[in-house]
Amino acid sequence: MSVEQMIIGTFSQAFKKNFYDELVIGKLAHTEFKNDVKKGDEVDVIMPGTVTMFDYDGGTLNDAENAALSTTKVKINKGKAFHFEISAVEEKRIMNAPDMKQQTNLAADYTNDAIKQFAAGVDSSFANLYTRAGHYLDDDGSAITLDADYAKEILAYMQAEFQRGDGKGHTNWIDGSMICIVPPEYQFYLGKLEDLKYVESGHEKMAKGFIGRLCGWDILVSNNIAQPETGVFYPLFGIAAKTLAGGISSDLNTQSYVPEKSFNTCYKGYGLYGVGAPRADFLGTAKVSAPLALSSRS
């Protein structure tokens, strides 16, 4: 296998293997890989079904709830591209590695950052769906200026909003599946709370960005939270894999070539994606301001 084939193959394998792990805001989404998509295509994303329980008094049952999986349309309207060059010396280093595993590891160095940046682009698109939020909290149109108590109170408020449901036995709260995603500035205030446990023994879902659990929310931190106004952030609240939807091209469409008057190989490629918010009732946000300031010392 040539070094060009190896790097292209590593891109494809690493992308499919590691892309989901790199998502943070995307943890709220059911995201599917799609083959042979072009920019502008509309694809179907099959959302997980949700079934709820209700009290039974021995009488006639309520009308049946539709438990079939739902399908949402997502338009593939965004993309990220890359274009880089590898020197002949570096290619030789990869090919001269003692075994296939080390060759692949060296080639993977060129894939990791591209996958992280592509996932960050998808996360940013998911973050900007905050405008679809069914549960919204602000200070009479202004941003809520955070302190530690407010930071916790917002989580408790959103917990109550999601748990309230529709008054007919249906709730938007699923224990163990609730995710809150905040910017680092919000994390700063949560860090002042003694009752936020940053490391929980026995917690099984140590996802990327995870800092702890509070008010029933698994709290993740992301730099990609929507910030349409200077100093104002929109943290997101929702249900893992059930709130948002995404369609992603199944590979990074990588090609290699050697430009004229050069001995080095260049690699170029792109990935396409689209996002949607099919369950706005499962999505919450708060308009917050989180200025950073160290406590004064006497």
Any [X] side-chain heavy atom under 4.5 Å of [Y] side chain:
| X | Y | answer |
| --- | --- | --- |
| Q102 | D99 | yes |
| I179 | L220 | yes |
| F11 | F82 | yes |
| Y186 | C180 | no |
| K242 | R279 | no |
| I7 | Y267 | yes |
| V43 | I76 | yes |
| L244 | V275 | no |

Expected output: side-chain [X] to main-chain [Y] donor-acceptor under 3.5 Å:
| X | Y | value |
| --- | --- | --- |
| Q5 | S2 | yes |
| S289 | T145 | no |
| H30 | I46 | yes |
| D21 | N18 | no |
| D123 | G26 | yes |
| T71 | D44 | no |
| T31 | G247 | no |
| W217 | L155 | yes |

Taking atom NZ of K287 as the centre, report whether more than 12 heavy atoms of other residues, nucleotides or ligands fall under 6.0 Å from it. yes
Checklist entry - Are more than 12 heavy atoms from other residues, nucleotides or ligands located less than 6.0 Å from atom CG of N105? => result yes
Rounded distance (nearest 0.5 Å) linking atom [atom1] of [X] with atom [atom2] of [Y]:
| X | Y | atom1 | atom2 | answer |
| --- | --- | --- | --- | --- |
| F118 | D113 | CZ | CG | 14.0 Å |
| K192 | L146 | NZ | CG | 11.5 Å |
| K78 | S124 | NZ | OG | 10.5 Å |
| Q255 | N253 | CD | CG | 8.0 Å |
| F126 | I225 | CZ | CD1 | 12.5 Å |
| I219 | L214 | CD1 | CG | 5.0 Å |

Single-linkage hydrophobic cluster, 4.5 Å side-chain cutoff, [X] and [Y] together:
| X | Y | result |
| --- | --- | --- |
| M95 | V89 | no |
| I94 | F263 | no |
| Y150 | L193 | yes |
| I86 | V258 | no |

**Cation over ring face, K268 and Y257, 6.0 Å, 45°** = yes
Those residues at least two apart in sequence (or on a different chain) that pass salt bridge (charged side-chain N to carboxylate O under 4.0 Å, His left out) with K16 are none
Discussion item. Pair L23, V122 - check side-chain contact (heavy atoms from CB on, under 4.5 Å), show working.
Written reply: CA-CA 8 Å; L23 291 175; V122 176; 4.1 Å; yes
**Study point:** Salt-bridge criterion met for E32 and K34 (N-O under 4.0 Å)
**Key:** yes
What one should report as the nearest heavy-atom pair of L28 and G238 is CD2-C, 3.5 Å
Self-check item: Ring center gap for F33 and F15 short of 6.0 angstrom
Solution: yes
Exercise. So, do F282 and W173 have ring centers that fall under 6.0 Å from each other?
Worked result: no
Q: Please lay out, stage by stage, how Q159 and M178 fare under the test side-chain contact (heavy atoms from CB on, under 4.5 Å).
A: CA-CA 9 Å; Q159 181 186 45; M178 308 308 296; over 6 Å; no
Applying salt bridge (charged side-chain N to carboxylate O under 4.0 Å, His left out) to E42 and K75, what does each step give before you reach the verdict?
CA-CA 4 Å; E42 193 172 60; K75 190 170 185 178; over 6 Å; no
Worksheet item: Where do F84 and C266 land on the side-chain contact (heavy atoms from CB on, under 4.5 Å) test, with the steps shown first?
Response: CA-CA 6 Å; F84 64 91; C266 293; over 6 Å; no
Worksheet item: Hey, mind stepping through M6 and Q103 against side-chain contact (heavy atoms from CB on, under 4.5 Å) and telling me if it holds?
Response: CA-CA 8 Å; M6 180 183 301; Q103 286 181 335; 3.3 Å; yes
Show me the donor-acceptor pairs, under 3.5 Å and distance only, between side chains in residues 130-141 and residues at least two apart or in other chains.
| residue | atom | partner | partner atom | Å |
| --- | --- | --- | --- | --- |
| H135 | NE2 | D281 | O | 3.1 |
| D138 | OD1 | D140 | N | 3.4 |
| D138 | OD1 | G141 | N | 3.4 |
| D138 | OD2 | G141 | N | 3.3 |

Notebook entry, point to check: If you measure only the distance, is there a donor-acceptor pair under 3.5 Å linking the side chains of S250 and N35?
Noted result: yes
Side chain to side chain donor-acceptor pair (under 3.5 Å) with E91: of N264, T265, N96, only one passes, and it is T265
